[in-house]
Novice: 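Handing you this structure, nothing more for now.
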Amino acid sequence: MNELTKRILTASILVPLVLFLIFKSQIGFLILVGIGGVIVGYEFTKLSKMKPLLLWLVMALIFIVPHALTNIFHISHYSITMYLLPLLYLSTAFWFKNLFLVFNYPNKKPKNTELRKATNLFLLITPLTFLPILQTQSVAIILLLLFIVWGADSFAYFTGKAFGKHKLAPNLSGGKTIEGVVGGLIGVLLITGIWMFVTENTNYGFLLLALITGIFSVIGDLYESIYKREAGVKDSGNILPGHGGMFDRLDGLLAATPIFSIVLIALNL
């Protein structure tokens with residue numbers, strides 16, 4: 001079985017599961033997001049050679065502390081949202097910093113201290129906490145985010161295979177091409193246009209939102225490639241046949257989520 005077949009079969013299982021939980025179970029979706037976050041954290045720990053104890057401290061800070069404040073100390077969900085808002089700005093700044101890092105590798109690399117590794121992991125995983133919030137606010141909006149990320153990846157893959165000639169970031173990814181990225185972004189705009197038609201939303205700001213989000217989903221992929229290149233491995237893991245590890249599958253979403261959320265707020269969409 002070739003890699004493309006494995007990739008399609010894996011997606012045919014995961015995508016319906018994610019969509020089912022988004023529509024039918026907030027708790028189920030929250031659990032799925034938590035599992036994904038833990039696996040990404042574990043894979044990041046292996047790639048960066050970070051101490052495992054720091055992984056669990058970071059995970060506790062991200063997933064356990066907010067819920068403990070809510071359920072044990074009876075702090076309101078509104079206050080928790082206010083706690084998460086500064087993290088949204090920090091995470092957005094983190095990805096703009098990574099934009100610089102990606103296009104200056106290998107001259108610039110992530111700092112290798114344990115504190116910096118833990119900080120990077122914290123800001124990497126934090127965006128996952130916004131997904132259940134988006135789900136509770138609007139199923140249509142979180143679907144748009146997922147469609148953008150999935151569309152950017154899929155259209156770029158097939159466009160790159162068909163027309164790719166010019167490498168986007170040869171120091172990081174031998175397969176990514178400028179033609180593929182352009183095809184991915186065109187696909188994202190088409191998908192968003194269809195979403196706007198189906199949801200009867202005529203605010204063209206969503207097209208700008210989609211374009212910016214699509215670009216950063218690519219940055220997320222390239223940022224992960226830094227760690228894989230430094231570790232000398234092709235994939236972050238092998239949990240998902242045809243896709244590699246969970247980090248490989250979620251790298252674009254990790255970068256896209258804070259950018260999507262911040263632009264959504266900025267454009268008042």
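These values consider heavy atoms only, across backbone and side chains, with no hydrogens, waters or symmetry-generated copies.
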Novice: When you check the gap from the basic side-chain N to the acidic O, do Lys228 and Asp251 get nearer than 4.0 Å?
Specialist: no
Novice: Excluding sequence neighbours, so at least two apart, what forms side-chain contact (heavy atoms from CB on, under 4.5 Å) with Leu190?
Specialist: Ile186
Novice: Passes side chain to side chain contact (heavy atoms under 4.5 Å, CB included), Leu115 versus Thr119? Steps please.
Specialist: CA-CA 6 Å; Leu115 177 60; Thr119 301; 4.2 Å; yes
Novice: Which atoms form the tightest heavy-atom contact between Asn120 and Pro110, and what is the distance?
Specialist: ND2-CB, 4.1 Å
Novice: Do Trp95 and Leu123 touch side chain to side chain, with heavy atoms closer than 4.5 Å?
Specialist: no
Novice: With no hydrogens and no angle check, is any side-chain donor or acceptor of Arg116 less than 3.5 Å from a backbone partner on Lys111?
Specialist: no
Novice: How far apart are the C-alpha atoms of Thr177 and Val181, what are their side-chain angles, what is the distance that settles it, and do they pass the side chain to side chain contact (heavy atoms under 4.5 Å, CB included) test?
Specialist: CA-CA 6 Å; Thr177 63; Val181 171; over 6 Å; no
Novice: For a side chain to side chain contact (heavy atoms under 4.5 Å, CB included) check, start with the C-alpha distance between Val188 and Phe147, then their side-chain angles and the critical distance, and finish with the verdict.
Specialist: CA-CA 8 Å; Val188 161; Phe147 291 158; over 6 Å; no
Novice: Are any non-hydrogen side-chain atoms of Tyr223 and Tyr105 less than 4.5 angstrom apart?
Specialist: no
Novice: Quick one: do Ile22 and Ile13 end up in the same hydrophobic cluster if we chain Ile, Leu, Val, Met, Phe, Trp and Tyr together by side-chain heavy atoms under 4.5 Å apart?
Specialist: no
Novice: Once side-chain hydrogen bond (donor to acceptor under 3.5 Å, both in side chains) is applied, what residue pairs with a partner in residues 36-56 remain, sequence neighbours excluded?
Specialist: Glu43-Ser236
Novice: Would you say Leu207 ends up clustered with Phe197 if hydrophobic residues are merged whenever their side chains have heavy atoms under 4.5 Å apart, either directly or through other cluster members?
Specialist: no
Novice: If Ile, Leu, Val, Met, Phe, Trp and Tyr residues are connected whenever their side-chain heavy atoms lie under 4.5 Å apart, and connections chain through other members, are Tyr204 and Ile191 in the same group?
Specialist: yes
Novice: Walk me through whether Glu230 and Lys109 qualify under salt bridge (charged side-chain N to carboxylate O under 4.0 Å, His left out).
Specialist: CA-CA 9 Å; Glu230 291 295 301; Lys109 298 180 180 181; 3.3 Å; yes
Novice: Kindly give the heavy-atom pair with the smallest separation between Ala118 and Leu54, and that separation in Å.
Specialist: CB-CD1, 4.4 Å
Novice: Looking at CG of Leu144 and CE of Met196, how far apart are the two atoms once the value is rounded to the nearest 0.5 Å?
Specialist: 9.5 Å
Novice: Quick one, Leu145 and Leu134 - any side-chain contact, counting heavy atoms below 4.5 Å?
Specialist: yes
Novice: Nearest heavy-atom pair of Gly205 and Asn203: which atoms, and what distance?
Specialist: N-OD1, 2.9 Å
Novice: Within the distance-only criterion (no hydrogens, no angle test), does the side chain of Glu114 pair as donor or acceptor with the backbone N or O of Met50 below 3.5 angstrom?
Specialist: no
Novice: Would you say that Phe103 contacts Asn98 through its side chain, given a criterion of any heavy-atom pair below 4.5 Å between the two side chains?
Specialist: no
Novice: Can you check whether Thr126's main-chain N or O pairs, donor with acceptor, with Thr129's side chain at less than 3.5 Å?
Specialist: yes
Novice: Show your reasoning for whether side chain to side chain contact (heavy atoms under 4.5 Å, CB included) applies to Val15 and Leu19.
Specialist: CA-CA 6 Å; Val15 171; Leu19 294 178; 3.9 Å; yes
Novice: Side-chain heavy atoms under 4.5 angstrom apart, residues restricted to Ile, Leu, Val, Met, Phe, Trp, Tyr: same cluster for Ile194 and Leu143?
Specialist: no
Novice: How long is the span from the CD1 atom in Ile142 to the CZ atom in Phe130, to the nearest 0.5 Å?
Specialist: 12.5 Å
Novice: Look at the side chain of Asn104 and the backbone N and O of Phe100, then say whether any donor-acceptor pair between them is shorter than 3.5 Å.
Specialist: yes
Novice: Got a sec, which residues hit ring pair (Phe, Tyr, Trp, His ring centres under 6.0 Å) with Phe206, two or more places apart in sequence or on another chain?
Specialist: Trp195
Novice: Compile the donor-acceptor pairs under 3.5 Å between side chains in residues 255-265 and protein atoms, sequence neighbours left out, one pair per line.
Specialist:
from, atom 1, to, atom 2, distance (Å)
Thr257, OG1, Leu253, O, 2.7
Ser261, OG, Thr257, O, 2.8

Novice: I'd like to check Leu47 versus Phe247 (side-chain heavy atoms, cut-off strictly below 4.5 Å). Are they in contact?
Specialist: yes
Novice: Between Ile148 and Ala210, what is the shortest heavy-atom contact and its length?
Specialist: CD1-CA, 3.6 Å
Novice: Return the minimal non-hydrogen interatomic distance between Phe122 and Val58, and the atom names on each side.
Specialist: CA-CG1, 3.7 Å
Novice: Supply the atom-to-atom distance Ile31 CD1 to Gln26 CD, rounded to the nearest 0.5 angstrom.
Specialist: 12.0 Å
Novice: Can you name the nearest heavy-atom pair linking Gly28 to Ser25, along with the distance?
Specialist: N-OG, 2.8 Å
Novice: For the residue pair Ile226 and Leu222, establish whether any side-chain heavy-atom pair is separated by less than 4.5 Å.
Specialist: no
Novice: Measure the spacing between CG of Leu128 and CD1 of Ile133 and express it to the nearest 0.5 Å.
Specialist: 11.5 Å
Novice: How long is the gap from OG1 on Thr192 to CG on Leu211, to the nearest 0.5 Å?
Specialist: 9.0 Å
Novice: Compare all side-chain heavy atoms of Val139 with those of Phe23 and state whether any distance is below 4.5 angstrom.
Specialist: yes
Novice: Please check: side-chain N/O of Ser91 versus main-chain N/O of Leu87, any donor-acceptor pairing under 3.5 Å?
Specialist: no
Novice: Are Leu90 and Leu88 connected in the hydrophobic side-chain network, where two residues link if heavy atoms are under 4.5 Å apart?
Specialist: yes
Novice: Side chains of residues 212-221: which donor-acceptor partners sit under 3.5 Å, not counting sequence neighbours?
Specialist:
from, atom 1, to, atom 2, distance (Å)
Thr213, OG1, Leu209, O, 2.7
Ser217, OG, Gly214, O, 2.6
Asp221, OD2, Lys176, NZ, 3.3

Novice: Answer yes or no: is there a side-chain heavy-atom contact under 4.5 Å between Leu254 and Val40?
Specialist: yes
Novice: Start with the C-alpha gap between Phe163 and Phe158, add the side-chain angles, then the distance that decides, and say whether ring pair (Phe, Tyr, Trp, His ring centres under 6.0 Å) holds.
Specialist: CA-CA 9 Å; Phe163 306 107; Phe158 289 108; over 10 Å; no
Novice: Just how far is it from atom OG of Ser12 to atom CG of Leu17, taken to the nearest 0.5 Å?
Specialist: 11.5 Å
Novice: Can you list everything that forms a salt bridge (charged side-chain N to carboxylate O under 4.0 Å, His left out) with Lys97? Sequence neighbours excluded, please.
Specialist: none
